[in-house]
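These numbers come from a predicted model, not from an experiment. Just so it is clear, the values below take in all heavy atoms, side chains as well, and ignore hydrogens, waters and symmetry mates.
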Amino acid sequence: MDFPQYQPDKADYLPLTDDELSDLDDFLSEVDNDAAMNIEALDGYLSALLLSPVPLTDKPGAQWMSPVWGGGDPFASGKQRKKIALLLLRHVHSLSVQWSSKQDEWEPIFSVAEEGDQQLVDAEDWCTGFMIGVDQDGEAWTPLFEHVKTAAALAPIALLGGDESQLSAEDQEKLTDLHWRDALSREVPEGVLTLWTLREQAG
């Protein structure tokens with residue numbers, strides 16, 4: 001299948017509306033594939049693609065879009081396929097613009113649960129999507145997990161979204177504590193912006 005390539009120089013800044021995000025979420029939830037992402041994982045996945053040492057502009061659209069719905073052809077029509085592709089392109093471009101110059105408009109899509117008067121944030125799905133994006137360019141990401149500054153920024157993402165079997169027994173135990181997950185989740189946005197700043201400085 002032919003999908004458009006990401007071309008930020010030709011894209012307008014058009015963040016998805018709540019209705020468009022809902023449409024995208026509905027589409028993903030109806031895909032008959034366990035590998036399909038939800039809207040939170042999608043947001044994390046696209047974030048990782050933008051932060052990857054391998055530029056997203058170098059990748060064919062089909063290569064990076066297909067994992068979103070788990071591969072295959074889940075579209076009811078060519079019109080629906082085009083609509084979903086354009087929503088993905090707009091969302092990834094919006095993230096890029098917000099990180100660069102409109103950080104007050106950026107809000108990652110995390111789960112939020114109510115506990116009394118308190119809101120507990122859980123970024124696990126977002127981080128899982130991010131790590132799927134990392135796996136797309138695993139070798140290129142390796143130095144970022146080893147360098148002090150980038151490793152620190154990636155640590156909460158890897159803890160929440162990585163392979164749990166790779167974690168220490170202590171960290172696995174901590175992940176059962178919703179308040180610890182909340183604190184860890186709240187570190188993720190700052191880590192993302194740190195990674196973006198370092199990437200822009202290097203680029």
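Taking E20 as the reference, L16, T17, L87, R90 meet the side-chain contact (heavy atoms from CB on, under 4.5 Å) condition, with sequence neighbours excluded. Applying the salt bridge (Lys or Arg N to Asp or Glu O under 4.0 Å) rule to D177 yields no partners; only residues at least two apart in sequence or on another chain are considered. Not a single ring-ring contact (aromatic ring centres under 6.0 Å, His included) links W180 to another residue, sequence neighbours left out. Remark: Q98 pairs with Y13 by the side-chain hydrogen bond (donor to acceptor under 3.5 Å, both in side chains) rule, at least two apart or across chains. For E170, the side-chain contact (heavy atoms from CB on, under 4.5 Å) partners two or more places apart in sequence, or in a different chain, are S168, K174.
Here CZ of R81 is found 11.0 Å from CZ of F27. Values are rounded to the nearest 0.5 Å. Here the NZ-CG distance, from K149 to L144, works out to 13.0 Å after rounding to the nearest 0.5 Å. The line from CG of L154 to CG of L51 is 8.5 Å long, rounded to the nearest 0.5 Å. For the atom pair CD1 of I157 and CD of E187, the computed distance is 10.5 Å after rounding to the nearest 0.5 Å. Remark: H93 NE2 to L89 CG distance equals 10.0 Å, nearest 0.5 Å. Atom CG of D58 is separated from atom OH of Y6 by 12.5 Å, given to the nearest 0.5 angstrom.
Closest non-hydrogen pair, Q119 versus R186, comes out as O-NH2, 2.9 Å. Across every non-hydrogen atom of L95 and S47, the tightest pair is CD1-OG, 3.8 Å.
Distance alone, capped at 3.5 Å, places no donor-acceptor pair between the Q63 side chain and the K59 backbone. Here the side chain of Q103 pairs a donor or acceptor atom with the backbone of W99 at under 3.5 angstrom.
D18 CG: 12 or fewer foreign heavy atoms inside a 6.0 Å radius. At most 12 non-hydrogen atoms from other residues, nucleotides or ligands lie less than 6.0 angstrom from CD of E190. The 12-atom threshold is exceeded at CD of Q118, counting heavy atoms of other residues, nucleotides or ligands nearer than 6.0 Å.
Linking Ile, Leu, Val, Met, Phe, Trp and Tyr residues whenever their side-chain heavy atoms come within less than 4.5 Å leaves V54 and V192 in two separate clusters. A continuous path of hydrophobic side-chain contacts links L86 to L46 [ILVMFWY only; heavy atoms under 4.5 Å]. Hydrophobic clustering of Ile, Leu, Val, Met, Phe, Trp and Tyr side chains at less than 4.5 Å, counting indirect connections, unites W106 with L195.
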List the atom pairs, with distances to 0.1 Å, where a side-chain N or O of residues 35-45 and a protein N or O form a donor-acceptor pair under 3.5 Å, not counting sequence neighbours.
from : atom 1 : to   : atom 2 : distance (Å)
N38  : OD1    : E40  : N      : 3.2
N38  : OD1    : A41  : N      : 2.8
N38  : ND2    : D125 : OD2    : 2.8
E40  : OE1    : S111 : OG     : 2.8
E40  : OE2    : S111 : OG     : 3.1
D43  : OD1    : H91  : NE2    : 2.7
D43  : OD2    : I109 : N      : 3.0
D43  : OD2    : W126 : NE1    : 2.9
Y45  : OH     : W64  : O      : 2.6

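The aromatic rings of W141 and F130 sit perpendicular, their planes meeting at an angle over 60°, well past the 30° parallel limit.
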